[in-house]
Protein chains: 2
Amino acid sequence: MKGRYFLEIAYVGSNYHGWQVQQNARGVQTILEDCIEKIVGQKVATAASGRTDTGVHAKQQFVHLDMPVDFNKEDFLYRVNAILPQDIAAKSIIKVKEDAHARYSAKSRSYQYRMHSQKDPFLYGLSYYYPYPLRLNEMNDACVYLIGEKDFKSFSKVKTGVLHFVCHITEAHWSESNGNYLFLICANRFLRGMVRAIVGSLLEVGKGALSVQDFAKILDSKDRQKAGRAVPACGLYLTEVKYPSEIFE
Amino acid sequence: MKGRYFLEIAYVGSNYHGWQVQQNARGVQTILEDCIEKIVGQKVATAASGRTDTGVHAKQQFVHLDMPVDFNKEDFLYRVNAILPQDIAAKSIIKVKEDAHARYSAKSRSYQYRMHSQKDPFLYGLSYYYPYPLRLNEMNDACVYLIGEKDFKSFSKVKTGVLHFVCHITEAHWSESNGNYLFLICANRFLRGMVRAIVGSLLEVGKGALSVQDFAKILDSKDRQKAGRAVPACGLYLTEVKYPSEIFE
């Protein structure tokens with residue numbers, strides 16, 4: 001059936017300049033749109049729940065598109081996966097209402113940031129190698145200040161087109177297992193570079209270079225210059241995007 | 001302290017032509033020996049528990065070497081890991097008796113073969129994508145025939161320097177979790193290409209192209225022509241090598 005659909009995809013970001021089509025750089029969007037054009041015979045525009053930066057991975061990303069022709073879902077997914085490279089996969093395709101929007105309809109996004117403290121060839125490109133001791137309790141104490149509806153300008157890239165920097169973070173905490181660190185963060189929206197700047201600042205707390213109170217002050221300052229350096233993209237995963245049930249048909 | 005050591009390493013095999021030094025091809029051995037030469041200032045020969053073929057991974061591989069100079073273990077490991085590329089890691093270094101041999105002293109080797117049935121960007125190069133139904137019970141019934149001390153010529157590459165094809169397999173079975181298949185096999189020794197030829201033949205059983213009895217007959221025939229096609233290297237992992245406690249000092 002023709003109409004608007006959400007396509008659920010996943011990708012390893014290492015080989016791509018993020019989601020969005022960019023000049024002289026390969027984005028996941030270009031690859032996906034070229035693939036769909038091959039199948040349906042015409043150009044179909046796509047829009048994602050959000051841009052991922054260069055090198056960032058997606059375990060779950062949603063993209064909306066208006067299918068101009070009738071099609072069989074299973075057959076379409078099979079063909080998309082056969083054409084897409086090995087590091088991008090289509091997981092499902094779901095009919096949505098005509099005004100559903102992958103970005104504007106999303107209720108929440110979840111990201112994970114992964115780090116490992118022992119050199120591990122199998123995590124290369126998939127986790128940030130950080131072989132230094134960390135005070136996880138202090139990092140989690142600092143995370144408490146992130147929760148709630150706040151202005152996160154301190155953790156946003158400066159030149160972005162957003163109207164305001166207020167995000168509502170509902171979850172933010174670290175866990176550790178066998179020297180592998182995992183940071184989970186969930187919010188209604190994220191600003192550009194926000195997770196990597198937050199993680200970078202939390203690492204300063206973990207090293208003891210910043211106190212938990214210093215971290216709280218950085219958040220209050222609304223000054224990006226005060227926050228820690230952004231951590232590398234290879235550890236960052238978009239893991240879940242949630243939508244209200246009303247958008248599905 | 002000078003003397004013989006076992007160096008425990010791990011590597012993602014995708015970028016290497018296996019363990020051994022080959023003409024015009026990069027083997028893990030060359031990279032490792034160049035790295036050690038940089039640290040100790042002279043060439044040090046290494047010998048591994050066994051060769052891995054092109055593209056095969058090692059979660060645990062042991063290599064012996066005679067350290068010509070006194071050294072600090074922790075410092076040595078730190079420097080080795082700093083020099084080795086990201087897809088090879090040194091895990092530990094253990095003093096062994098002067099006649100201990102990484103290959104000849106080994107009591108057993110374990111391999112895993114990994115497959116996945118749903119396209120997964122995060123398993124690309126690390127697991128064999130096999131999107132077809134499999135009869136796992138029949139495959140495990142066939143595995144029973146592998147157990148014991150038997151002639152495995154049917155599953156060996158033909159041109160090898162071995163004196164005989166008898167191996168003692170102590171464990172061989174499949175498991176499945178969420179469409180990811182895992183084959184475990186443990187033996188005192190393995191012949192060249194043996195695990196991949198066994199897995200290829202077991203997949204024929206899983207597809208229903210061969211019966212369990214057919215599989216038993218292939219094993220008895222000692223004829224490589226009768227066995228199934230070798231599966232790709234990307235799914236194969238050397239996971240464990242065991243030594244008798246007497247070799248350690």
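Chain letters run A, B, ... following the sequence lines, proteins first and then strands; every chain starts at 1. These numbers were taken from a predicted model, which means no experiment stands behind them.
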Side-chain donor-acceptor pair present, A:E8, A:Q60, cut-off under 3.5 Å
yes

Does the side chain of A:E33 come under 3.5 Å of the side chain of A:T46 through a donor N or O and an acceptor N or O?
yes

Between B:Y237 and B:R114, is there a cation-pi geometry (under 6.0 Å to ring centre, at most 45° from the normal)?
yes

Please check if the distance between the ring centroids of A:Y130 and A:Y132 is under 6.0 Å.
yes

Residue A:Y78 versus chain B: region with a heavy atom under 4.5 Å
neither

Taking side chain as everything from C-beta outward and backbone as N, CA, C, O, which of these in A:L84 sits under 4.5 Å from a heavy atom of chain B? Side chain, backbone, both or neither.
both

Heavy-atom cut-off 4.5 Å, strictly under: side chain, backbone, both or neither for A:P85 against chain B?
backbone

Select one option (side chain, backbone, both, neither) describing which atoms of A:F122 are under 4.5 Å from chain B's heavy atoms.
both

